[in-house]
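Scroll down for the structure; my scribbles are underneath it.
We name chains A, B, ... by the order of the sequence lines, and we start the count at 1 in each one.
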Amino acid sequence: MTADPVVETLDALELVDHHCHGAVTADLDRPGFESLITEGAAWPGVSPFDSPVGLAVRRHCAPVLDLPRHAPADVYLARRAELGWAEVNRRFLTAAGTGVFCVDTGYAPDRVTTPSELAGAAGAAAYEVVRLESVAEAVAAGGVEADAYAEAFRTAAWEAVRRPGVVGVKSVAAYRTGFDLDPARPRAEEVTDAARRWLARGGRLDDPVLVRHLLWTAVDLGRPLQLHTGFGDSDIRMHRADPTHLTDWLHLTAGTVPVLLLHCWPYQRQAAYLAAVFERVYLDVGLTLHHVGPARAGAVLAEALEITPFRKLLHSSDAYGVAEFHHLGALAFRHGLAGLLRERLDADELALEDALRIARWTGRENALRVYGLPDGSPDDG
Amino acid sequence: MTADPVVETLDALELVDHHCHGAVTADLDRPGFESLITEGAAWPGVSPFDSPVGLAVRRHCAPVLDLPRHAPADVYLARRAELGWAEVNRRFLTAAGTGVFCVDTGYAPDRVTTPSELAGAAGAAAYEVVRLESVAEAVAAGGVEADAYAEAFRTAAWEAVRRPGVVGVKSVAAYRTGFDLDPARPRAEEVTDAARRWLARGGRLDDPVLVRHLLWTAVDLGRPLQLHTGFGDSDIRMHRADPTHLTDWLHLTAGTVPVLLLHCWPYQRQAAYLAAVFERVYLDVGLTLHHVGPARAGAVLAEALEITPFRKLLHSSDAYGVAEFHHLGALAFRHGLAGLLRERLDADELALEDALRIARWTGRENALRVYGLPDGSPDDG
Amino acid sequence: MTADPVVETLDALELVDHHCHGAVTADLDRPGFESLITEGAAWPGVSPFDSPVGLAVRRHCAPVLDLPRHAPADVYLARRAELGWAEVNRRFLTAAGTGVFCVDTGYAPDRVTTPSELAGAAGAAAYEVVRLESVAEAVAAGGVEADAYAEAFRTAAWEAVRRPGVVGVKSVAAYRTGFDLDPARPRAEEVTDAARRWLARGGRLDDPVLVRHLLWTAVDLGRPLQLHTGFGDSDIRMHRADPTHLTDWLHLTAGTVPVLLLHCWPYQRQAAYLAAVFERVYLDVGLTLHHVGPARAGAVLAEALEITPFRKLLHSSDAYGVAEFHHLGALAFRHGLAGLLRERLDADELALEDALRIARWTGRENALRVYGLPDGSPDDG
């Protein structure tokens, strides 16, 4: 339909989705589906279908289920049920055209695909990313004395990252405390005191000292560290999830692990600044792109790329639960980036080979390099 | 001139302007007019006409006064004086095409139209919004002991909201302290102590404890609560008017009153996030749209709508003083939204019926629903 | 090639670059050049050429060196070396079409052109801006007792600004402490105490009390005060460089010196708000425009101009080191502003004479007025 080499290159590119989750392995009723396509909830009279992401699902996902574009929500969900979750997942994961998934396995309130199930359904490779808060909470749940917590967490984290297929770690510190923390590595006594309070209290790891300790433990692990920043559900205090609050910590941890800022919106320019001035900092606008939809993906990417070195932007979907989002994240990335590059080519602001390079780097090669993944067919994974 | 159904639908839609003020009922000289069209002032050599809003007035308001587009400021003001304030108000309020005005009556340094005068001039319905700071300051001015302040304020607020035609309340906490407050309801003793200090000192209600008390009293009143956020005059500390500072308070007040975030710029994305994750949160980009003018209204609306559920965006002008702004706010909303929807229709990102629904919801129906207003002709008001 | 009067006017306009630095007076090898075109550094595998500013250099600067558009980096640098630094500087400074440079002489880790050398190479006028931190650090380096510091700094600053050709002062407080400071003028004893600590410790002026003292001394000097805000290198904590943190200080210093907010990105809307509500506040998006390149300069300018009075926006390049940036900053400003104005003309949102006036004011006349410069040929300088 088009002979645009930028579109062709991006359409043909086997993306690396460097941060995502599994897809639910069960059929979903309307409340179940709606709750998975919003960072909020389905409130009376306010269907998540009546939002930008809902329009994007009806427009871009309906055809994958053999429906006309813009099919009504009820029709969409009836067809989804008719096909069954396994076929639905297979269709969207295949349609995504993603070659490699890096899967955060530490968040799964629903039963979702394992990385290998995801890879199987997609005909792709899958790797694992270890969510460090889940490791710490498992250590606490398993029973540990406060003065043994630091060592037990460290040991468990090392064991987790040494498992085959693990390529990185992740922290949701943004959800727990935000980033306006003391950047320094906490002293052992501080950690023990904080662990004592937390272990007595129970619940999620949200003590500021233990969150700092977790971030510094991540540095010790030597693996790429994914950090949720910006956009998320109502657990975040958004102004505290501005990644520039990490500046002092980034100075203190200079020369250590790659730090991958996830989501970033509405702080994509702030994240771009960090990527431009810190060697180890990378960013994506995952989660954001499918929520804003292809109609705005180009605008968000344009801000994210205003000053970002082209080696520093990655693609992720941050899809969780519905495989529509693995597809929609990939589609919005391709569509948004192609539009942006085409516009600049038409204005003669860059050469075609520059445009194609930016597409390949950001959609695939930057992630392969950061995570040290093989650049071959999925069989190589 | 156009057969675009989106433009036609928006042009024909009787908007609900859910937050505005009265128009001055006197003729205005140049300094008087200029001081009303800026959030700053008319400084030597820097006329408010030489700003985006000034260009918008000359472009879009001049024809309503029978002048050519882009008429010079002096010509514009001469014609305005010639017609007289009553005719000028009538023309702009009619041209706005607004069916319902919700009028904040608590700010009127000038003699301005009452809600019923506004309604009469516009041929529309008008309701009242009670500014709680004005209620509290009237209580103080009337004489009250510190330990009776809380109860006196509560009683006065209840009396104010029970008056016929009152549909909501408003707070300008953003102007007084910002939102980075302790989110908890203050204890009775704290309120009494703070009232003692304030009553002794006099002046505006700007004590943090009393501002918190006011916000919690608003919750008790059970009416939709309008909150000024972001853009305003030099009284604000903008970074403290970022609505995400309200997150803890929104959690604590879950399940209570609707919260309508006004203006929001430059934090429209942050406001959109809150509207997407909190059931009770709504937003508009009032005040902003006429200040940026039709030339940028679409760009600001596009950011405000990036992730916002379509049931959560409302229209307001926040016009004060000059009826030009009641018109220009409506015009910029229609123009900006029509452009945005048309662009997405042309890209096949949504269906026509979706576009028309988004127009009707955001321009009118969302407000009718939140405020419980009749959906009939102005006579129903 | 075009008969667009907006483009013609902007192309012919002798810009005032109200904030820039000198160009290096030596030939540069690849590492040397790369380190000067990024706010970060040239990291292994991440060349600064592979960034928006790198594309802009290859696209817009290569032709000035007789190379084709989009020439590869190696070809570009070889040609640059072949021509030699003096010819390269001459070409770019002439191509910039800038009539007046206001040069910050207080930052020069490399040997760079003096203002008069810059003026000579450009065929333009040049004035000097005194960086107050450099003055303070020279006072410390020269040896001073703590209790004599305030007076010695004041005297040195007065001497510096009285030199012929000095038109303003600058502070990099954003780099040293950020703007979330106590806005009040520090008491003499506080300054002495802080000076004692700083003089004992040595190093850069980064004590919060002394930074406040410097800002208040700037007010006393009575000259236009340039303040770096927002974007910069990794020394900044970006969230603390949001200019709205200056609000209380702007209130306290009402009626004193003009304050020129430099760079501003990503807080250009916040800076625009301050310019709209404070008589003395001006802004530019210097540094930003060449880093984002002509491809995004219009988008950034559109945000900067959303509510800014047209008398309040200025042009600067903030070029340092490579004369490419003096050129690219001017080019991105002309190109971005022309596109923005043309779009609004086409939409009939403003009249041609308004567009031309906005171009002349922002590109030249606002700066002449703020700094009190002669509006004549360069010979008048």
Point-to-point distance, once rounded to the nearest 0.5 Å, from CG of B:D50 to NZ of C:K312: 12.0 Å

Atom CH2 of B:W265 and atom CD of C:Q270: how far apart are they, to the nearest 0.5 Å? 7.5 Å

If one checks every heavy atom of C:H239 against chain B at 4.5 Å, the contacting part turns out to be neither

Given C:H245, C:R357, C:R344, C:E343, the one with more heavy-atom pairs under 4.5 angstrom with chain B than any other is C:H245

Atom group of B:S234 that falls short of 4.5 Å from chain C, counting heavy atoms: both

Of all of C:L250, C:D242, C:L305, C:I307, which one pairs up most often with chain B through heavy atoms under 4.5 Å apart? C:I307

Identify the residue among C:R311, C:R280, C:E279 that makes a side-chain contact (heavy atoms from CB on, under 4.5 Å) with B:W43. C:E279

Value for CZ (B:R296) from CD (C:E306), rounded to nearest 0.5 Å, stands at 4.5 Å

Let me know if B:H290 has heavy atoms under 4.5 Å from chain C in its side chain, its backbone, both or neither. neither

Cut-off 4.5 Å, heavy atoms of chain C, and the answer for B:R240 is neither

Please flag which part of B:P48 lies under 4.5 Å from any non-hydrogen atom of chain C: side chain, backbone, both or neither. neither

Please flag which part of C:R269 lies under 4.5 Å from any non-hydrogen atom of chain B: side chain, backbone, both or neither. both

Chain B contact via C:E303 - side chain, backbone, both or neither, heavy atoms under 4.5 Å: both

Can you tell me how far apart CG (C:D248) and CZ (B:R237) are? Round to the nearest 0.5 Å. 4.0 Å

To the closest 0.5 Å, what do you measure between CZ (B:R59) and CG (C:L350)? 10.5 Å

For C:A351, is it the side chain, the backbone, both or neither that has a heavy atom under 4.5 Å from a heavy atom of chain B? both

